Amino acid sequence: MRVLTVAAHPDDETLGAGATMAKLAAMGHEVWVCILADGVTSRHGYVELQKECAKRAADVLGVSNVVFCELPDQRLDALPLLDVITPIERCIGEFHPDVVFTHFSQDANQDHRIVFQATLVAARPLAGLSVQRLLCYETPSSTEWAPPFPGSVFSPNVFVEVAGTLPRKLDALREYERTHSNEMRPYPHPRSYEAIEAYAKRHGAAAGVQAAEPFMLVRQVHREGDSAHAHWL
C-alpha cells in the first residue's frame, strides 16, 4: 500500500498523522509526505533549516520521500486555488497513493483550509486515479480551535491504534526543535509533548485502545480488483 500525507507546513504531517505513518512504514508500506508551504517565511527566512528538520523527522517516522512545494507561508489563500492543487496532483500522479491524509476542512489556520480544498480536488475519484481513501487528520492548536458551529467540529470516525509508535511521533517532533523558531510550547498548550500524548490517550479511550490517532473519512472508493489490505485503515 502507498500512503501520502499532504500538509500545509513542515511539522503538520507529524502532528496530524506521525504515529500512523510510522506504523504503516514499519508494516512495510511506502509513505510519502507532500508539504505545500515553506512554513517559515511569514516570520523568518530560514527555509533550508526547516526543510532539513522535516527530512530528519521523516527519517524517524520511516517516511521514504518528502516533497517540498515551497509555496508562501500563511499566504495560500492569496494564491489561485489551482496553484495549490497542481503540485498535489503532480505528487499523486508520480506516487499513485492508495490512501491520502490531509487537513480538516475547518481548521483555524487558513493554510490548512486551503490545503484541504486543494487535496479534495486533486484526489477526486476520476477513472484511473489510484486514491481509494481520503481522510482528514487533527492538527493540535488548529483543529480544536475551529468555531463550534455545525460542520466545523472535527468528529473522527476512523481511529488508528498507535501505542507502539507514539514515542516515534514525539521523537520526530523533537527534530523540529532544531528549527530557527521552535513551535512546540510548554504544557498546557495543545502543541506540547504532554498535550499530544494526552490527545492520543483520549482518542484511544474513545476507541477502546491505549492510544490512537483520529481521522475523518471523507471518501472511500472500492474498485473491482482492489486488494483487501488497501482498506485496512
Side-chain angles (χ1 to χ4, degrees), residues 5-23 33 35-40 42-44 50 53-54 56-58 60-61 73-74 76-77 101-116 119 135-163 165-207 209-218:
T5 297
V6 181
H9 315 105
D11 82 1
D12 288 340
E13 79 293 338
T14 303
L15 287 165
T20 298
M21 289 192 291
K23 180 174 184 174
V33 167
I35 299 176
L36 273 298
D38 58 64
V40 297
S42 63
R43 293 165 291 145
H44 59 76
Q50 193 79 5
C53 290
R56 287 195 293 265
V60 171
L61 298 174
D73 179 49
Q74 301 304 331
L76 297 187
D77 56 338
F101 298 126
T102 194
H103 290 282
F104 177 53
S105 64
Q106 300 300 312
D107 274 9
N109 186 288
Q110 72 272 14
D111 280 357
H112 295 190
R113 297 195 299 271
I114 295 298
V115 168
F116 168 81
T119 306
L135 304 100
C136 294
Y137 52 75
E138 176 184 53
T139 311
S141 79
S142 184
T143 305
E144 73 275 48
W145 290 346
F149 306 136
S152 296
V153 178
F154 184 75
S155 301
N157 54 2
V158 175
F159 298 85
V160 178
E161 193 280 322
V162 294
T165 53
L166 181 58
R168 291 179 63 184
K169 172 175 180 169
L170 299 176
D171 287 343
L173 286 171
R174 289 187 179 95
E175 294 297 333
Y176 281 104
E177 292 180 1
R178 307 185 192 188
T179 61
H180 179 70
S181 178
N182 179 21
E183 292 192 37
M184 297 302 291
R185 300 287 185 265
Y187 186 80
H189 193 282
R191 196 175 289 233
S192 64
Y193 296 110
E194 296 89 344
I196 288 167
E197 188 169 4
Y199 275 47
K201 290 180 178 179
R202 172 198 169 217
H203 290 301
V209 297
Q210 291 295 315
E213 280 184 330
F215 301 90
M216 286 182 67
L217 178 63
V218 178

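Side-chain atoms are counted along with the backbone in the values below, which use heavy atoms only and exclude waters and symmetry mates. It should be emphasised that the depicted structure is a prediction, and the values quoted were computed from it without experimental measurement.
- Side chain of Asp73 to main chain of His9: no donor-acceptor pair is present (N/O by atom type, distance under 3.5 Å, no hydrogens or angles).
- Taking 4.5 Å as the limit, some side-chain heavy atom of Met216 sits within range of a side-chain heavy atom of Phe154.
- Contact check for Pro214 versus Tyr199: no side-chain heavy atoms found under the 4.5 Å cut-off.
- Here CD of Glu175 is found 12.5 Å from CG of Leu170. Values are rounded to the nearest 0.5 Å.
- With a 4.5 Å cut-off on side-chain heavy atoms, Leu166 and Gln210 do not count as touching.
- Taking all atoms of both residues into account, the shortest heavy-atom contact from Pro147 to Ser152 is O-CB, 3.1 Å.
- Nearest heavy atoms, Met21 versus Leu61: CE-CD1, 3.8 Å.
- Counting all heavy atoms, side chain and backbone alike, Asp11 lies closest to Tyr176 at N-OH, 3.0 Å.
- In this structure, Arg113 CZ and Asp77 CG are separated by 8.0 Å, a value rounded to the nearest 0.5 Å.
- Side-chain contact between Pro190 and Glu144: present, with at least one pair of heavy atoms (C-beta onward) separated by less than 4.5 Å.
- Salt bridge present: Arg174 and Asp171 bring a charged side-chain N and a carboxylate O closer than 4.0 Å.
- Side-chain contact check for Asp38 versus Gln50: every heavy-atom pair is 4.5 Å or farther apart.
- A distance-only check finds a donor-acceptor pair linking the side chain of Ser142 to the backbone of Asn109 [under 3.5 Å].
- Atom-to-atom distance recorded for Lys201:NZ and Ile196:CD1 is 13.5 Å, nearest 0.5 angstrom.
- Remark: side-chain polar atoms of Thr143 are paired, donor with acceptor, to backbone N or O of Thr139 under 3.5 angstrom.
- Phe215 pairs in a ring-ring contact (aromatic ring centres under 6.0 Å, His included) with only one of the listed residues (Phe159, Tyr137, Phe101), which is Phe101.
- Pairing each heavy atom of Ile35 with each of Ala8, the nearest pair is CG2-O, 4.0 Å.
- In this structure a side-chain-to-backbone donor-acceptor pair under 3.5 Å is present from Asp111 to Leu76.
- The shortest non-hydrogen separation linking Thr102 to Phe116 is CG2-CD1, 4.1 Å.
- Smallest separation of non-hydrogen atoms from Gln106 and Gly151: CG-O, 3.4 Å.
- Using a distance-only test at 3.5 Å, with no hydrogens or angles considered, a donor-acceptor pair links the side chain of Lys169 to the main chain of Leu15.
- Here Met184 contributes atom CE and Ser192 contributes atom OG; the two are 6.5 Å apart, rounded to the nearest 0.5 Å.
- In this structure, the side chain of Glu161 engages the main chain of Ala163 through a donor-acceptor pair within 3.5 Å.
- Interatomic distance, Leu173 CG to Cys53 SG, rounded to the nearest 0.5 Å: 11.5 Å.
- Here Glu213 contributes atom CD and Leu135 contributes atom CG; the two are 12.0 Å apart, rounded to the nearest 0.5 Å.
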